[in-house]
Amino acid sequence: MTNSRLFFTEKLLEWNRETNTRSMPWKGEKDPYRIWLSEIILQQTRVEQGLPYYQNFIKNYPDAKKLASAPEEEVFRLWQGLGYYARCKNMLAAAREIADTYQGKFPAQYDQIKALKGIGPYTAAAVASFAFNLPYAVLDGNVYRVLSRFFGIETPIDSTAGKKEFGDLAQELLPHDQSAAYNQSIMDFGAVVCKPQQPLCNECPLNKKCAARQQQLISVLPVKSKKLQIKKRYFNYFIVHYKDNIYIRKRTASDIWQNLHEFILLETSTPLDFEALQQTDGFRQIFGNTRFEFEGVGKPGKQQLTHQTIFSQFISLSVKQPLPATDYMAVPAASLNNYAFPKTITAFLQQRHLQLF
DNA sequence: AATTCGGGGGT
DNA sequence: ACCCCAGAATT
């Protein structure tokens, strides 16, 4: 252990004891189920955004067995709006694994924890340290930022080499007798003091030995090598009424919003109005020769995702005969709130209640 | 090793 | 616009 590393760990723990006031409902929590649930919800998600979901899940499913036996659609409804829906699917799979293989008792060994669906290196270390005080250092966005700045490491954090370098360093810095407190400290410190923008360097207890501060690298650390490309997509949704039913389906393709539902979708590579849409093959495949009556259009939607921009329009139609389209099902309009929908559709549904077609 | 998976908030 | 968020699974 070098001097600066001892200094780092000691000052961090001291900051946590004396200055850290960040409070969260699962802090100090020892129930591994609750810790796990909070960690799954908080993957790539801000505490403020995830908090109400956490409360709701704990209330509805107080333990792993309850979650494991819950109806899948009900669980997705609770997850609706939180994003990254694979987390929900994997969470259910993990809960069932805990119920079946471990009799509902959360496994206490790192390798067992890590083997559960949806649990990667970060979450395994978090649960192992917080619930069982096992010596595994967490490596999340906060840790990357704090370590890269204090130690002046310019290796890109989104590279294989970076993951190993930062992971090894984080593990070396971990005081094995205080893994829970230390892991909590470094993440809180990154969130409160060593923030992405406008970090509080003047009041930082580490500033004397911070390499980024000494070398004026605060704004360039941590380094990320990849830049993402954003695609534009045009989702034309048809809300087709048949008697009191509306056609929907569950999205299953390897694409966004897996396991969520949607109306009849005609995706186009360019924006098209209703008249132009009717001339496409896709439209004819859906409607065939079925006569339809135009009911109205909803407010156009625009949703910004990480890798794509979704432009959506909503066109309401009514038919007097069932549609030939087979992969959609006609469900009672009043039952729509039993299904989980992506944000762009729930926004439309809310809008529609005000307008009424 | 690179890509893809949401949605919200800050700048 | 762009970045970031208690990352993980898939390709």
Side-chain angles (χ1 to χ4, degrees), chain A residues 22 24-27 29 35-54 76 79-91 93-94 113-130 136-146 156-164 166-167 170 180 183-192 194-199 219-220 222-231 233 251 253-260 301-310 340-347:
Chain A
R22 196 184 194 207
M24 293 173 288
W26 47 83
K27 206 183 253 193
E29 179 64 59
I35 294 170
W36 163 71
L37 189 55
S38 73
E39 296 299 347
I40 299 298
I41 288 175
L42 288 164
Q43 286 167 7
Q44 291 293 285
T45 304
R46 294 171 181 279
V47 171
E48 310 82 65
Q49 187 187 1
L51 185 52
Y53 286 86
Y54 172 78
F76 270 93
W79 196 277
Q80 174 179 279
L82 192 55
Y84 283 169
Y85 298 93
R87 288 185 293 171
C88 185
K89 182 186 173 71
N90 290 330
M91 174 185 71
I113 298 169
K114 172 79 164 58
L116 293 169
K117 297 286 187 199
I119 297 189
Y122 164 78
T123 305
V127 174
S129 65
F130 294 146
Y136 293 89
V138 294
L139 189 58
D140 77 333
N142 292 303
V143 178
Y144 278 119
R145 185 171 58 255
V146 173
I157 63 173
D158 54 354
S159 65
T160 304
K163 288 190 178 93
K164 172 161 175 44
F166 285 98
N183 279 337
Q184 192 66 63
S185 301
I186 192 167
M187 288 194 287
D188 283 349
F189 184 80
V192 175
C194 198
K195 300 181 293 182
Q197 286 104 14
Q198 302 172 14
S219 61
V220 306
V223 173
K224 268 192 169 178
S225 57
K226 304 179 182 73
K227 45 183 177 282
L228 54 86
Q229 284 200 335
I230 300 178
K231 297 176 245 174
R233 301 174 72 179
R251 290 178 62 90
S254 56
D255 195 355
I256 57 173
W257 302 332
Q258 257 188 73
N259 294 297
L260 271 60
K302 177 185 176 184
Q303 191 179 14
Q304 188 62 53
L305 307 182
T306 304
H307 288 84
Q308 43 193 297
T309 308
I310 309 293
F341 294 98
K343 192 75 175 179
T344 195
I345 288 182
T346 56

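Quick note: numbers below take in every heavy atom, side chains included, and nothing from hydrogens, waters or symmetry partners. Note on naming: letters A, B, ... go to the chains in the order of the sequence lines (proteins, then strands), and numbering restarts at 1 for each one.
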Does one side chain, of A/Y122 or A/E39, offer a donor that lies under 3.5 Å from an acceptor on the other? yes
Tell me the interatomic distance from [X], atom [atom1], to [N], atom [atom2], rounded to whole angstroms.
X      : N     : atom1 : atom2 : value
A/L51  : B/dG8 : CG    : P     : 16 Å
A/K89  : B/dG6 : NZ    : C1'   : 18 Å
A/Q258 : B/dT4 : CD    : C1'   : 11 Å
A/R233 : B/dC5 : CZ    : C1'   : 12 Å
A/R87  : B/dC5 : CZ    : P     : 15 Å
A/I41  : B/dG8 : CD1   : P     : 15 Å
A/L42  : B/dG7 : CG    : C1'   : 14 Å
A/Q49  : B/dG8 : CD    : P     : 6 Å

For A/L228 and for A/E48, find the nucleotide of DNA chain C with the closest heavy atom, then tell me which residue's nucleotide is more 5'.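 In this pair, the answer is A/L228.
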Hey, which of these two, A/M24 or A/I119, hits DNA chain C nearer its 5' end, going by closest nucleotide?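 Looking at DNA chain C, the more 5' nearest nucleotide goes with A/M24.
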Please give me the minimum heavy-atom distance between [X] and [Y], naming the atom from each residue.
X      : Y      : value
A/V223 : A/V220 : CG2-O, 3.6 Å
A/N183 : A/V138 : OD1-N, 3.1 Å
A/A94  : A/W36  : CB-CZ2, 3.7 Å

Within the structure shown, what part of the strands sits under 4.0 Å from [X] by heavy-atom distance: base, sugar-phosphate, or nothing?
X      : result
A/W79  : nothing
A/D188 : base
A/T160 : sugar-phosphate
A/T123 : sugar-phosphate
A/D158 : nothing
A/Q184 : base
A/G81  : sugar-phosphate
A/N90  : sugar-phosphate

Using a 3.5 Å distance criterion without hydrogens, assess whether the side chain of A/T45 forms a donor-acceptor pair with backbone atoms of A/Q43.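 Yes, A/T45 side chain to A/Q43 backbone: donor-acceptor pair under 3.5 Å.
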Stem finding on DNA chain B, please: runs of three or more consecutive Watson-Crick or G-U wobble pairs, both distances under 3.5 Å, sorted by first number.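 Detected stem regions: B:1-5 with C:7-11, B:7-11 with C:1-5.
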What about A/T45: does its side chain form a donor-acceptor pair under 3.5 Å with the base of B/dG7?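 Checked by distance alone, the answer is no.
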Do A/Q197 side-chain and B/dG10 base share a donor-acceptor contact under 3.5 Å?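 Between B/dG10 and A/Q197, which were checked side chain against base, a qualifying N/O pair under 3.5 Å is absent.
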Which residue is it: A/F341, A/F76, A/W79? I am looking for the one with a side chain to side chain contact (heavy atoms under 4.5 Å, CB included) to A/L260. A/F76
Can you tell me how far apart SG (A/C88) and CD (A/Q80) are? Round to the nearest 0.5 Å.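 Reported to 0.5 Å precision, the distance equals 11.0 Å.
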Apply ring-ring contact (aromatic ring centres under 6.0 Å, His included) to A/Y84 and list each qualifying residue two or more places apart in sequence or on a separate chain. none
Where each residue is assigned the nucleotide of DNA chain B containing its nearest heavy atom, which of A/A161 and A/W257 is assigned the position nearer the 5′ end?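 Its nucleotide being nearer the 5' end, the pick is A/A161.
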Toward the 5' end of DNA chain B, by each residue's nearest nucleotide, A/L260 or A/Q198: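 Here A/L260 is the residue nearer the 5' end.
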side-chain contact (heavy atoms from CB on, under 4.5 Å) involving A/E29 - partner list, sequence neighbours excluded: A/W26, A/D31, A/R34, A/I35
Within the pair A/Q308 and B/dC5, is there a side-chain N or O less than 4.0 Å away from OP1 or OP2? yes
Which residues pass the salt bridge (charged side-chain N to carboxylate O under 4.0 Å, His left out) test with A/D158, not counting sequence neighbours? none
Salt bridge (charged side-chain N to carboxylate O under 4.0 Å, His left out) partners of A/R46, counting only residues at least two apart: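 Here no residue qualifies.
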C/dA6 versus B/dC5 - spacing of their P atoms, nearest Å: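 Looking at atom P only, C/dA6 and B/dC5 are 22 Å apart.
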Determine the interatomic distance between P on B/dA1 and the same-named atom on C/dC5; round to the nearest Å.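 Per the computed distance, 23 Å lies between those P atoms.
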Just the endpoints, please: which first and last nucleotides of DNA chain C, 5' to 3', lie under 4.0 Å from a heavy atom of chain A? C/dC4 to C/dA9
